Amino acid sequence: MCSPYVSVIIAAAGNSSRMGKNVSKQLLDISNNKVIEFSLKAFSNSEYVKEIVISTKKEEVEIISQLKKTYPKLTSIVEGGKVRQESVKKALNVLNKNSEFVAIHDAARPLITTEDIDKIIKLALSCGAVCPVSKVVDTVKIAKDGTITDTINRDTVFLASTPQVFKTDIYKQCVSSLKDTDTFTDDCSLVEKFGHKVKTYVMERDNTKITTPKDFKKVKNALENSTPSIRIGHGYDVHRLATDRDLILGGVKIPHSVGLLGHSDADVLTHAIMDSLLGAASLGDIGKHFPDSDEKYKGISSMKLLFHVKKLLDEHGYKVSNLDATIIAQEPKLSPFIKEMTKNIINVLGVEENQVNVKATTEEKLGFTGEKLGISAHCVSMIYKE
């Protein structure tokens, strides 16, 4: 089944009067990109979007036309009108005749993501009209002449955002029915006037509109810090096998004739995981945090130490993306215990099942593990800071 033809109109003809700058807010630079480019990227990356039309000021048509080279889906740039409503109407007139849905977006909302765009469009495909909204977190008051007259239930109050998506024919019908005296601050208001129901899509992410210099600073900070700080660590540990010791791996006591020798419970798998996470965060290693010269760690469960490592990551703002660990042992057969090991690690780190992978292998009787002198483990982990 072919996907519907979705057109996008980006309204960029505002005069930016509250910015106090000579340049339009949509042309301001953030990380070597114009503000409008962030929206162009987000819409261009959507598989639903087939064309993008920008409505802008006469003096900026040539500047924005240069963006066609970078964004092939940008098919037209039109000169806007005196008010937003007129600017959108002019863009509407140049849409491809195959357009089935139109998404109308403010150029001054560069925080929109492709993920949200796709979700909004997908919802519109099923209902015909969607408005993204943000929840109101403050108590809402009504006041007259400086005195509060009423308090509104904030659970029923939302702030409208963009892109607002409609069936193209419905939106065109509403526009053609307008009187010259009709004015609307957003496109949903227009569609609502003619009796069409509009569904809401609640935005979880910030979608601030740049109106003032304060807004620009907020959005600039968000965009410049939007890429997570991703770090990768590797951990390795080995322990000798010895009699009169329990074999503990991943917090699981495994029946075996010998166990691992160490100051703690010698859980070689968990030690490799801890070293990997600490290394990724540049926080040293387990010897630094849990020295074998300290009696308080004698015989301690390594799962407790892993929990401490998790707290260290939290304190430094890191979250675990995923980890992949391998146990190297000639004996015993470890596959029956992998699921329980994985579950223990997941519970301590507070992550999902698909973020932890534990596996086991032998070295075909080669080396100290193959000769059953010890067990080793490797772990590669990825952490990130939002």
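What you see is a predicted model, and the numbers here were worked out from it, not measured in a lab.
Listed by chain and residue number, His105 satisfy the ring pair (Phe, Tyr, Trp, His ring centres under 6.0 Å) test with Phe43 (two or more places apart in sequence, or in another chain). Under the salt bridge (Lys or Arg N to Asp or Glu O under 4.0 Å) criterion, Lys304 pairs with no residue, sequence neighbours left out. Applying the salt bridge (Lys or Arg N to Asp or Glu O under 4.0 Å) criterion to Arg231, with sequence neighbours excluded, gives no partner residue. Lys310 meets the salt bridge (Lys or Arg N to Asp or Glu O under 4.0 Å) test with Asp314; sequence neighbours excluded. Residues meeting the salt bridge (Lys or Arg N to Asp or Glu O under 4.0 Å) test with Lys73, sequence neighbours left out: none.
Here salt bridge (charged side-chain N to carboxylate O under 4.0 Å, His left out) pairs that include residues 350-376, with residues two or more places apart or in two chains, are Asp324-Lys359, Glu331-Lys372. Pairs engaging residues 146-155 under the side chain to side chain donor-acceptor pair (under 3.5 Å) rule: Lys141-Thr151 [sequence neighbours left out]. Counting only residues at least two apart or on different chains, the salt bridge (charged side-chain N to carboxylate O under 4.0 Å, His left out) pairs with a member in residues 253-269 are Asp246-Lys253. The salt bridge (charged side-chain N to carboxylate O under 4.0 Å, His left out) contacts involving residues 332-348 comprise nothing, where partners must be two or more places apart or lie in separate chains. Applying the ring pair (Phe, Tyr, Trp, His ring centres under 6.0 Å) rule to pairs touching residues 279-301 yields Phe290-Tyr297, Phe290-His308, sequence neighbours excluded. Applying the side chain to side chain donor-acceptor pair (under 3.5 Å) rule to pairs touching residues 194-206 yields Glu115-Arg205, Asp116-Tyr201, Asp116-Arg205, Asp206-Thr208, sequence neighbours excluded.
Between the side chain of Lys58 and the main chain of Glu79, no donor-acceptor pair closer than 3.5 Å is present. For Thr162 (side chain) and Asp106 (main-chain N/O), a donor-acceptor pair under 3.5 Å exists by modelled atom type.
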Output a table of donor-acceptor pairs, distance under 3.5 Å, between side-chain atoms of residues 121-135 and any protein atom two or more places apart or on a different chain; print 'none' if there are none.
{"unit_1": "Ser126", "atom_1": "OG", "unit_2": "Leu123", "atom_2": "O", "d": "2.7"}

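Among Leu40, Leu27, Ile10, the single residue meeting the side-chain contact (heavy atoms from CB on, under 4.5 Å) criterion with Ile64 is Leu27.
Counted within 6.0 Å of NZ on Lys167, heavy atoms from surrounding residues, nucleotides or ligands total 12 or fewer; the atom is thus considered open.
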